Amino acid sequence: MLTGGMASRARVRAPELIGKGGWLNTGDQQYTLADLRGRIVILDFWTFCCVNCLHVLDELRELEEKHRDTVVIIGVHSPKFVHEAEHRAVVDAVERYEVHHPVLDDPELATWKQYAVRAWPTLVVIDPEGYVVAQHAGEGHAHAIEKLVEELEAEHAAKGTLRRGDGPYVAPEPVATHLRFPGKALLLPDGGFLVSDTTRHRLVELDADGETVRRHFGTGERGLSDGGPDEARFSEPQGLAVLPDGRVAVADTVNHAIRALDLTTGVTSTLAGTGRQWWQGAPTSGPAREVDLSSPWDVAWFGDRLWIAMAGVHQLWTYDPESATVRVAAGTTNEGLVDGPAAEAWFAQPSGLAVSADGERLWVADSETSSLRWVDRDEHVRTAVGTGLFDFGHRDGAADQALLQHPLGVTALPDGSVAISDTYNHALRRYDPASGEVTTLATDVREPSDAVLVDGDLVVVESARHRLTRLRLPEEAVRVADQAHRTRRAATEIAPGALRLDVVFQAPSGQKLDTRYGPSTRLLVSATPPELLAEGSGAGTDLGRDLVLADGVTEGVLHVSAMAASCDDDPANEYPACHVHQQDWGVPVRVTAEGTPRLPLVLAGMDEQD
């Protein structure tokens, strides 16, 4: 997702919390900042489509528990997609991702604008007296924020301005259903189904009716452990695929792991991943159990390997069971829509995979670009439907004009066409490569996340209705009114001609830039459309760059990726600990005569607060 940030200890009074959708997880109680005075408040500006936002939710769980008597975390839900502005969808997301703190539903981005937030996710820390003391964009800041929380606890305990006690969180009533926000489904040889019961952290085997439960695999408690049906633990599992040896590969998303379930014995084992999230600078290939992964969302057997939709780093990886190794197969970790050789392509949260009927293509649902893409046998990436991060909607017709909205699943059909689980449009769509047309097969399927073909019908995972739904493929497509949207996030106005881009970085206290082996910084710049930049795109080692905007292009998105490496500043230590700091930004821009000639972006050090 979109990242960028700043940090500040200036005495700025925190603006009030405003959201037309009201409060969730408070027992219908409405809150103001005055009600929270005396507590350390952490605002988490998030939107539920954003995998980086989901990472931050997980990062905050330990801090939330450890400091529960002094810290109140408030999720400020700030939508990107139209669907995310629906209150019911926010209610579902809060339950789906086990958000155990109050959430303010802000569909009109009122509080987002008050705090001058520019990116998802962004964390803002407010002290017990109601002043903003820090702001960080992106993920990976939990350690820095915990250090700040400890400082604030000591400071305000001494001043007598810290108030301890229970927070405002009120848990919603649990709901009894066989499945809860299921993610993906797999057709079994006997006609039954295996379903990832995502929110309940388990797998469920169903009869052919799609309703009767045969078996559960997993305790239902979040965790990472192997073993039998009553011993194994998962954490928000998603994609499923059959391996050549008959076992089922499982994308164990929040455990950052690939698991394997033996349906004969009921035993789950771990194929790949360490349980830790991959960060820039970590290995991108090697022994599967020794390499970190990042939010694998789906899996599919293509060619002679298991392909993995690595949503957390906008890439496709592969697992080779013969050598028990993993490697990056496609994507650069930059977020966007760029076709070409696999090593140069850009993705944005790939979330669904399916192999074409002839075995020649791996179809990809690239959710954040609202696109359908594919990888061929030569590992070249192409786009069938979709234009980029900020254009989405529900439009049928020629593929170059059609629009989707955050699809999470793809299903290959026998005639060579593809069914698309068009999740945020609550629709099932179809793309036909022969005609180049996109049509709508069905509507009113609530947040479909996957579908499997069964005897000429499609069994759809209706995630937000907690069920499998069988649909007969219609002979004629459903007609839907044309709806086109752009993201609601405001564009930054920039002046025409020369534009100075400055990425501001300061190594955290006690560290310095690591220049032992050459430059310790990297900057990569590109644009959508590429014609926006006449000069300045490409890679370099300076964190500043002079760009030149092309004449005649008045709006677009600047894609900026910055990295800096710092090491502990201890002359006595021959092998100091080193740290990699990276941020990716997607900055919507509009060229106007009154715009700014300089665009500053802050690359926050992991410990930076001042």
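Keep in mind it's a predicted model, so treat the numbers as computed, not measured.
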Colleague: Any side-chain donor paired with an acceptor under 3.5 Å for Asp339 and Thr383?
Modeller: yes

Colleague: Kindly say whether Ser235 contributes a backbone atom to a donor-acceptor pair with the side chain of Asp252 at under 3.5 angstrom?
Modeller: yes

Colleague: Out of curiosity, Leu188 CG to Leu194 CG, how far, rounded to the nearest 0.5 Å?
Modeller: 6.0 Å

Colleague: Less than 4.0 Å between a side-chain N and a carboxylate O, is that true for Glu437 and Arg430?
Modeller: no

Colleague: Quick one: does any side-chain atom of Ser463 pair with a main-chain N or O of Pro182 as donor and acceptor, under 3.5 Å?
Modeller: yes

Colleague: Could you walk me through whether Glu368 and Lys80 pass salt bridge (Lys or Arg N to Asp or Glu O under 4.0 Å), step by step?
Modeller: CA-CA 10 Å; Glu368 277 296 297; Lys80 171 188 174 182; 3.0 Å; yes

Colleague: For the residue pair Gln238 and Ser196, confirm or rule out a side-chain donor-acceptor distance under 3.5 Å.
Modeller: no

Colleague: Can you tell whether the side chains of Glu462 and Arg446 come within less than 4.0 Å, N to carboxylate O?
Modeller: no

Colleague: Is there side-chain contact between Leu471 and Val445, with heavy atoms separated by less than 4.5 Å?
Modeller: yes

Colleague: Quick check for you: to the nearest 0.5 Å, what is the distance between Thr318 atom OG1 and Leu306 atom CG?
Modeller: 8.5 Å

Colleague: Using the ring of Tyr319 (Phe, Tyr or Trp, six-membered ring only), decide whether Arg305 places NZ or CZ under 6.0 Å from its centre and within 45 degrees of its axis.
Modeller: no

Colleague: Please lay out, stage by stage, how Lys184 and Glu236 fare under the test salt bridge (Lys or Arg N to Asp or Glu O under 4.0 Å).
Modeller: CA-CA 11 Å; Lys184 306 287 184 180; Glu236 299 182 29; over 6 Å; no

Colleague: Of the non-hydrogen atoms in Ala451 and Leu458, which two are nearest, and what is the gap between them?
Modeller: CB-CD2, 4.3 Å

Colleague: What verdict does the side-chain hydrogen bond (donor to acceptor under 3.5 Å, both in side chains) test give for Thr47 and Glu84, after you've listed the backbone C-alpha separation in whole Å, the side-chain angles of each residue and the deciding distance to 0.1 Å?
Modeller: CA-CA 7 Å; Thr47 187; Glu84 294 174 305; 2.8 Å; yes

Colleague: Please determine whether the number of non-hydrogen atoms from other residues, nucleotides or ligands lying under 6.0 Å from atom NE2 of His178 exceeds 12.
Modeller: no

Colleague: For Trp317 and Gln315, which I'm curious about, is there any donor-acceptor pair between the side chains at under 3.5 Å?
Modeller: yes

Colleague: Let me see the working for Thr492 and Ile494 under side chain to side chain contact (heavy atoms under 4.5 Å, CB included), right down to the final yes or no.
Modeller: CA-CA 6 Å; Thr492 298; Ile494 57 177; 4.2 Å; yes

Colleague: With sequence neighbours left out, what residues match Trp46 under ring-ring contact (aromatic ring centres under 6.0 Å, His included)?
Modeller: His77

Colleague: Describe, in one word, how the ring planes of Tyr424 and His83 are oriented to each other, choosing from parallel (under 30°), tilted (30 to 60°) and perpendicular (over 60°).
Modeller: tilted

Colleague: Determine whether Val355 and Trp363 make a side-chain contact, defined as any pair of heavy atoms from C-beta on separated by less than 4.5 Å.
Modeller: no

Colleague: In this structure, is the centre-to-centre distance between the rings of His466 and Phe181 below 6.0 Å?
Modeller: yes

Colleague: On the six-membered ring of Phe234, is Arg259 placed so that its NZ or CZ lies under 6.0 angstrom from the centre and within 45° of the ring axis?
Modeller: yes

Colleague: Does Arg470 form a salt bridge (Lys or Arg N to Asp or Glu O under 4.0 Å) with Asp209? I'd like the steps, not just the answer.
Modeller: CA-CA 9 Å; Arg470 192 172 186 122; Asp209 62 7; over 6 Å; no

Colleague: For a quick check under 3.5 Å, do Arg467 and Thr469 share a side-chain donor-acceptor pair by atom type?
Modeller: yes

Colleague: Between Arg361 and Glu379, does a salt bridge (Lys or Arg N to Asp or Glu O under 4.0 Å) hold up when you go through it step by step?
Modeller: CA-CA 9 Å; Arg361 292 182 179 183; Glu379 297 192 9; over 6 Å; no

Colleague: Between Thr440 (side chain only) and Ala442 (backbone N and O only), is there a donor and an acceptor less than 3.5 Å apart?
Modeller: no

Colleague: If only atom types and distance count, is the side chain of Thr198 paired as donor or acceptor with the main-chain N or O of Gly183 below 3.5 Å?
Modeller: yes

Colleague: How long is the span from the CZ atom in Phe347 to the CG atom in Asp366, to the nearest 0.5 Å?
Modeller: 6.5 Å

Colleague: Look only at the side chain of Ser78 and the backbone of Val76, and say whether a donor-acceptor pair between them is shorter than 3.5 Å.
Modeller: yes

Colleague: In this structure, is the centre-to-centre distance between the rings of Phe48 and Tyr97 below 6.0 Å?
Modeller: no

Colleague: Kindly indicate, with the supporting measurements, whether the criterion side chain to side chain contact (heavy atoms under 4.5 Å, CB included) is fulfilled by Trp374 and Val364.
Modeller: CA-CA 5 Å; Trp374 83 86; Val364 182; 5.9 Å; no

Colleague: Say whether Glu98 and His201, considering side chains only, have a donor N or O and an acceptor N or O under 3.5 Å apart.
Modeller: yes

Colleague: Looking at Lys20 and Asp106, does any basic side-chain N land under 4.0 Å from a carboxylate oxygen?
Modeller: no

Colleague: Can you find a side-chain donor-acceptor pair between His55 and Gln277 that sits under 3.5 Å?
Modeller: yes

Colleague: Considering residues, nucleotides and ligands other than Asp551, do more than 12 of their heavy atoms fall under 6.0 Å from its CG?
Modeller: no

Colleague: Is it true that the NZ or CZ of Arg377 lies under 6.0 Å from the centre of Phe302's six-membered ring and within 45 degrees of the ring axis?
Modeller: yes

Colleague: Under a plain distance cut-off of 3.5 Å, with no hydrogens placed, do Ser421 and Asp450 share a side-chain donor-acceptor pair?
Modeller: no

